Amino acid sequence: MPSPKAKNPNRGGGSPVLGGANGRYEFMSLTKRMSSPPPPPHLLQRQGSDPAASRLRASESPTRRRGSSSSTGSGQGIPDEDGIRLNPTFFRVALSSLLAIDLWLSKRLGVCACEDSSWGSMRPLMKLIEVSGHGIPWLAGTVYCFYKSDSAAGQEVMLNLFIGLLLDLVLVGVVKAIVRRRRPSHNRMDMFATFSVDRYSFPSGHATRAAMCGRFLLAHLVLAAPLRVLVHLWVGLVGLSRVMLGRHHVTDVLFGFCMGYLQYNLVEMMWLSPQTLQRLLGQLV
């Protein structure tokens, strides 16, 4: 009676068979496998009913192998494209880090943003400093000093200060309308005499005005040493009050100081004397 092991070579495929030398596994060669006849129908039905065999054949099919190789190839291309998009430049990383530090520091320094803040009791004093740097009191005071001045030199100084204040309002309004940065989230919109562009934060108009007026007063007025120190102190307090009240971010104030410093140079370049102004008004009329 033949052994069951002898029937295994009649089955198609590359299944290992027992037998041969020393009873080890032997595999049929590729040529023999290709030349062997197809398995009987009952074996095909049996293999088709086996889910594991069906999955094995589907995984070994050439179409699936080609699809897996193509997906692997396309998968190798996707990380390259994603790597290009996900590798920002050094400038973007530095800018994002700076903005994150700015938001965090502005939030920590906004200690007078509302009455229940840690320094809420100092809010009235900070608002008084805020009013001292507002544009309307400065414009009104400059016009009053211009008419009360009894010397041509004093009127010339007040005239150019008035022109500088108008220039500051225009430049700050233009920059705010272009940048459109929102004010800090902890800010309360209870400012004195605001306009449409005042809902934007960058740059700080109080900081630009304080820096420009501070340089102007120190350059064109004869002040004693204590008054010069007081002017410097006032400029710093105006900028600090903007952050403590939650009106602006820290970068808004710093950029405002730089912008106001440069605005004074522009005022000096456009300096007008009363005679020059009269000639210009005569030409316009």
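Hydrogens, waters and symmetry mates play no part in the numbers below; they use all other heavy atoms, side chains included. Fair warning: this is a prediction, and the values are worked out from it, not measured in the lab. When a residue number appears, it is its place in the shown sequence, counting from 1.
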Peer 1: Take Leu166 and Leu139 through the side-chain contact (heavy atoms from CB on, under 4.5 Å) test and state the conclusion after the steps.
Peer 2: CA-CA 8 Å; Leu166 292 180; Leu139 289 172; 4.1 Å; yes
Peer 1: Measuring from Gln155:CD to Tyr147:OH, what's the distance to the nearest 0.5 Å?
Peer 2: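 Here the rounded value is 9.5 Å.
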Peer 1: Nearest 0.5 Å, please: how far is CZ in Arg188 from CZ in Arg183?
Peer 2: 14.5 Å
Peer 1: Between Ser106 and Leu103 (side chain of the first, backbone of the second, donor and acceptor by atom type, cut-off under 3.5 Å), is there such a pair?
Peer 2: no
Peer 1: For the residue pair His232 and Val235, establish whether any side-chain heavy-atom pair is separated by less than 4.5 Å.
Peer 2: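 Heavy-atom side-chain distance check fails, nothing below 4.5 Å.
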Peer 1: Distance from Met158 atom CE to Asn160 atom CG, nearest 0.5 Å?
Peer 2: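 One gets 9.5 Å once the value is rounded to the nearest 0.5 Å.
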Peer 1: Within this structure, what is the CD1-CG distance for the pair Ile163 and Asp168, rounded to the nearest 0.5 Å?
Peer 2: 13.5 Å
Peer 1: Hey, does the side chain of Ser151 reach the backbone of Gly154 with a donor-acceptor pair shorter than 3.5 angstrom?
Peer 2: yes
Peer 1: What's the shortest heavy-atom distance between Leu245 and Asn187, and which atoms?
Peer 2: O-OD1, 4.0 Å
Peer 1: Minimum heavy-atom separation for Cys213 and Leu165, please, with both atom names.
Peer 2: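 So the minimum-distance heavy-atom pair works out to SG-CD2, 3.6 Å.
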Peer 1: Give a yes or no on whether the backbone of Phe146 and the side-chain of Ser149 come within a donor-acceptor separation of less than 3.5 Å.
Peer 2: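 No: the side chain of Ser149 does not pair with the backbone of Phe146.
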Peer 1: Please check if the side chain of Arg181 supplies one atom and the backbone of Phe202 the other of a donor-acceptor pair under 3.5 Å.
Peer 2: no
Peer 1: Please check if Trp119 and Leu109 belong to a single hydrophobic cluster, counting links between Ile, Leu, Val, Met, Phe, Trp and Tyr side chain heavy atoms closer than 4.5 Å.
Peer 2: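 Per the 4.5 Å side-chain linkage, Trp119 and Leu109 are co-clustered.
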Peer 1: Which is it for Tyr200 and Arg180 under the side chain to side chain donor-acceptor pair (under 3.5 Å) test, yes or no, and what are the steps along the way?
Peer 2: CA-CA 6 Å; Tyr200 301 122; Arg180 294 176 177 267; 2.6 Å; yes
Peer 1: Please report the closest heavy-atom contact between Ser132 and Trp138, naming both atoms and the distance.
Peer 2: O-NE1, 2.9 Å
Peer 1: Atom CG in Leu223, atom CG in Leu230: separation rounded to 0.5 Å?
Peer 2: 9.5 Å
Peer 1: If hydrophobic clusters are built by linking Ile, Leu, Val, Met, Phe, Trp and Tyr wherever their side-chain heavy atoms come under 4.5 Å apart, do Leu262 and Leu171 end up in the same one?
Peer 2: no
Peer 1: How far apart are the C-alpha atoms of Leu105 and His249, what are their side-chain angles, what is the distance that settles it, and do they pass the side-chain contact (heavy atoms from CB on, under 4.5 Å) test?
Peer 2: CA-CA 8 Å; Leu105 188 59; His249 304 90; over 6 Å; no
Peer 1: Is any side-chain heavy atom of Thr208 less than 4.5 Å from a side-chain heavy atom of Met212?
Peer 2: no
Peer 1: With distance as the sole test, does His134 use its side chain to make a donor-acceptor pair with the main-chain N or O of Ile136 at under 3.5 Å?
Peer 2: yes
Peer 1: Are Leu99 and Trp104 connected, step by step, through hydrophobic side chains (Ile, Leu, Val, Met, Phe, Trp, Tyr) whose heavy atoms are closer than 4.5 Å?
Peer 2: no
Peer 1: If the threshold is 4.0 Å, N to carboxylate O, is there a salt bridge linking Arg242 and Asp252?
Peer 2: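 So Arg242 does not pair with Asp252 through a salt bridge.
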Peer 1: Where is the tightest heavy-atom contact between Arg247 and Ser201, given as atom of each residue plus distance?
Peer 2: O-OG, 4.0 Å
Peer 1: Return the minimal non-hydrogen interatomic distance between Arg228 and Leu218, and the atom names on each side.
Peer 2: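 Nearest heavy atoms, Arg228 then Leu218: NH1-O, 3.4 Å.
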Peer 1: In sequence, state the C-alpha distance, the side-chain angles, and the governing distance for Arg209 and Gln263, and then conclude on side-chain contact (heavy atoms from CB on, under 4.5 Å).
Peer 2: CA-CA 9 Å; Arg209 191 174 302 109; Gln263 283 178 177; over 6 Å; no
Peer 1: Do Leu227 and Val238 belong to the same hydrophobic cluster, where Ile, Leu, Val, Met, Phe, Trp and Tyr are linked whenever their side-chain heavy atoms lie under 4.5 Å apart, directly or via other members?
Peer 2: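 Yes, same cluster.
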Peer 1: Under 4.5 Å between any side-chain heavy atoms of Ile129 and His206, yes or no?
Peer 2: no
Peer 1: Side-chain heavy atoms under 4.5 angstrom apart, residues restricted to Ile, Leu, Val, Met, Phe, Trp, Tyr: same cluster for Phe162 and Tyr144?
Peer 2: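 Phe162 does not cluster with Tyr144.
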Peer 1: Would you tell me whether Glu268 and His220 have side-chain atoms, one donor and one acceptor, within less than 3.5 Å of each other?
Peer 2: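 The criterion, which ignores hydrogens and geometry beyond distance, is satisfied for His220 and Glu268.
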Peer 1: Tell me whether the count of non-hydrogen atoms from other residues, nucleotides or ligands lying under 6.0 Å of CH2 in Trp271 goes above 12.
Peer 2: yes
Peer 1: Roughly how far, to the nearest 0.5 Å, is the CG atom of Asp190 from the SG atom of Cys114?
Peer 2: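 Rounded to the nearest 0.5 Å, the SG-CG separation comes to 10.5 Å.
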Peer 1: Minimum heavy-atom separation for Arg215 to Tyr261, with atom names?
Peer 2: NH1-O, 2.9 Å
Peer 1: Return yes if some donor-acceptor pair links the side-chain N/O of Arg123 with the main-chain N/O of Ala113 below 3.5 Å, else return no.
Peer 2: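 Yes; at least one donor-acceptor contact below 3.5 Å.
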